[in-house]
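In what follows, a single structure is set out as structure tokens and then discussed.
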There are 2 protein chains.
Amino acid sequence: MKKENISDAVIRRLPRYYRQLTDLCNRGVVRISSHSLGQEMNITASQIRQDFSCFGEFGQQGYGYNVEELKAEIGHILGVDNDHHLIMIGVGNLGHALLQNFPFSQSGFTVDAAFDVSLTVVGTVVNHVPVYAMSELDHFLQEHAVDVVVLTIPQSVAQDTANHLINLGVKGFWNFTNIELSSQLPDVQFENIHFADSLLTLSYRIANR
Amino acid sequence: MKKENISDAVIRRLPRYYRQLTDLCNRGVVRISSHSLGQEMNITASQIRQDFSCFGEFGQQGYGYNVEELKAEIGHILGVDNDHHLIMIGVGNLGHALLQNFPFSQSGFTVDAAFDVSLTVVGTVVNHVPVYAMSELDHFLQEHAVDVVVLTIPQSVAQDTANHLINLGVKGFWNFTNIELSSQLPDVQFENIHFADSLLTLSYRIANR
DNA sequence: TAATTATTGAGAATGATTTAACAAAACAGC
DNA sequence: GCTGTTTTGTTAAATCATTCTCAATAATTA
């Protein structure tokens with residue numbers, strides 16, 4: 001039974017399903033039951049069926065799920081076939097690392113441009129992505145539809161930069177700075193990656209295992 | 001009333017409290033009530049008090065919490081004053097970026113060494129951290145107490161490398177590869193950072209806002 | 001010093017998520 | 001085609017997390 005409001009907990013599990021199904025596909029597995037998928041992923045079969053049932057009926061009784069089909073369905077739900085456009089702001093070490101190694105296209109994203117203040121990187125091309133000066137940003141956004149901005153800039157300028165971009169109509173942010181970005185506007189989406197938070201939870205678990 | 005088993009949800013909020021309190025400290029704020037802290041963080045005062053009460057009584061009725069004191073308490077719970085030792089395996093773009101920009105010491109970690117297969121980085125020193133050849137890893141681990149290994153290596157060698165390290169007694173992993181590392185051993189802790197998962201949840205929310 | 005206000009920590013109530021149970025449907029072997 | 005087995009999607013139960021409420025207590029003010 002399709003649901004109206006999907007909880008965040010479910011949404012955050014979808015990419016993991018997608019990852020596991022991609023792996024199964026590559027291993028040539030054709031069908032899988034919720035039970036075996038659960039064993040591989042270390043979650044209950046019940047939860048898997050409950051999660052999928054939020055979006056439709058993808059399995060067949062007595063058979064299970066067709067791996068390739070299910071992967072396509074979840075990919076579709078996640079929007080990997082949507083051709084999103086993305087730009088990066090800040091081409092330091094981390095920005096460079098992402099441009100060179102992160103498989104944006106596998107998630108349905110095209111990286112159209114990068115921007116930086118430093119004259120040593122402006123004018124270069126990193127893995128087919130041209131790096132422009134910050135002064136060209138406003139004009140670029142007027143000319144191009146941009147779905148997501150990756151923020152790999154220093155913390156000090158993060159909220160100001162975000163505010164500026166929101167005013168220019170940007171609706172999605174992938175934020176790597178160590179502050180909690182937010183906006184009053186309800187249709188602006190932030191996804192924050194806090195390296196330090198992650199390391200601190202590990203620190204806690206090591207101290208309290 | 002101190003609790004025995006702290007839920008994961010609570011633990012994952014602790015670093016955010018710590019971050020916010022650090023910010024308040026820097027702004028010179030001396031005391032704060034659960035109510036105002038909640039307003040700043042966009043969570044209920046109730047949840048804050050409930051969370052803190054898992055670990056003890058840090059506030060005072062009619063007054064609130066002393067910011068500096070509370071920060072120290074939460075830092076202590078997270079183990080930032082524990083002097084953890086850490087090594088990195090894989091000094092590509094991402095490894096480089098972390099070594100140069102990530103403030104390990106702020107989370108209580110000292111980076112003792114890095115390891116890589118590439119002869120172009122072996123022998124170099126990145127931000128005071130010496131890079132050794134992989135062949136020296138086993139010997140290094142025999143000589144040094146290492147709490148956490150950062151894995152910034154290609155996916156293809158991730159699980160094998162992790163297994164090898166587990167056999168050598170490593171109990172903590174900060175994993176940046178795109179696979180879900182795991183171990184049968186219950187006292188081995190993994191903290192996985194999946195960039196792709198994060199971007200895909202953003203993709204979902206953009207498509208379904 | 002007494003009255004008023006602010007605020008915590010704890011327990012109860014509510015809400016959300018996860019797990020269990022099961023009828024219905026499809027498959028597999030004979 | 002019949003019989004037993006597998007496995008789904010859904011409903012119900014159990015568990016877990018969050019929010020509400022309030023007595024207790026400290027600070028502040030008059």
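Each chain gets a letter, A, B and so on, in the order the sequences are listed, and its residues count up from 1. Not measured: the values here are computed from a predicted model.
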Minimum heavy-atom distance between Ile179(B) and Asn192(B), given as atom pair plus value = O-OD1, 4.1 Å
key: Positional range of nucleotides in DNA chain D within the contact set of chain A, heavy-atom, under 4.0 Å   = dT6(D) to dT11(D)
task = Using the salt bridge (Lys or Arg N to Asp or Glu O under 4.0 Å) rule, take Glu180(B) and Arg13(A) through it: C-alpha gap first, then chi angles, then the decisive distance, then the call.
result = CA-CA 13 Å; Glu180(B) 201 78 19; Arg13(A) 278 193 293 271; over 6 Å; no
request  = In sequence, state the C-alpha distance, the side-chain angles, and the governing distance for Ile206(A) and Leu202(A), and then conclude on side-chain contact (heavy atoms from CB on, under 4.5 Å).
outcome  = CA-CA 6 Å; Ile206(A) 287 170; Leu202(A) 185 57; 4.1 Å; yes
remark   = Nearest heavy-atom contact between Arg205(A) and Phe190(B) is NH2-O, 2.5 Å
task = Of all the heavy-atom pairs spanning Phe55(A) and Tyr204(B), show the shortest one and how long it is.
result = CE2-OH, 4.0 Å
key: Within residues 11-24 of chain A: residues closer than 4.0 Å to DNA chain D (heavy atoms)   = none
ask   = Going by atom types only, do His164(A) and Asp138(A) share a side-chain donor-acceptor pair under 3.5 Å?
value = yes
Table of protein N/O atoms under 3.5 Å from nucleotides 28-30 of chain C N/O atoms:
none

key: Verdict with supporting geometry, Tyr65(B) and Arg31(B), side-chain contact (heavy atoms from CB on, under 4.5 Å)   = CA-CA 6 Å; Tyr65(B) 301 88; Arg31(B) 62 178 259 196; over 6 Å; no
Check: residues 154-161 of chain B side-chain donor-acceptor pairs under 3.5 Å, at least two apart:
residue: Gln159(B); atom: NE2; partner: Asn163(B); partner atom: OD1; Å: 3.1
residue: Thr161(B); atom: OG1; partner: Val157(B); partner atom: O; Å: 2.5

Identify each donor-acceptor pair in which a side-chain atom of residues 77-99 of chain B lies under 3.5 Å from a protein atom, sequence neighbours left out, and give them as a table.
residue: Asp81(B); atom: OD2; partner: His76(B); partner atom: ND1; Å: 3.2
residue: Asp83(B); atom: OD1; partner: Thr110(B); partner atom: OG1; Å: 3.3
residue: Asp83(B); atom: OD2; partner: His85(B); partner atom: NE2; Å: 3.4
residue: His85(B); atom: ND1; partner: Asp112(B); partner atom: OD1; Å: 3.2
residue: His85(B); atom: ND1; partner: Asp112(B); partner atom: OD2; Å: 2.6
residue: Asn93(B); atom: ND2; partner: Gln100(A); partner atom: OE1; Å: 2.9

query = Does any residue of residues 42-62 of chain B have a heavy atom under 4.0 Å from DNA chain D, and if so, which ones, in number order?
reply = Thr44(B), Ser46(B), Gln47(B), Arg49(B), Gln50(B), Gln60(B), Gln61(B), Gly62(B)
ask   = Does a salt bridge link Arg16(B) with Asp197(A), judged by any charged N lying under 4.0 Å from a carboxylate O?
value = no
request  = Using a 4.5 Å cut-off on heavy atoms from C-beta on, say whether the side chain of Lys171(B) contacts that of Asp147(B).
outcome  = no
Contact summary for Asn66(A) and Glu68(A), nearest pair of heavy atoms = OD1-N, 3.1 Å
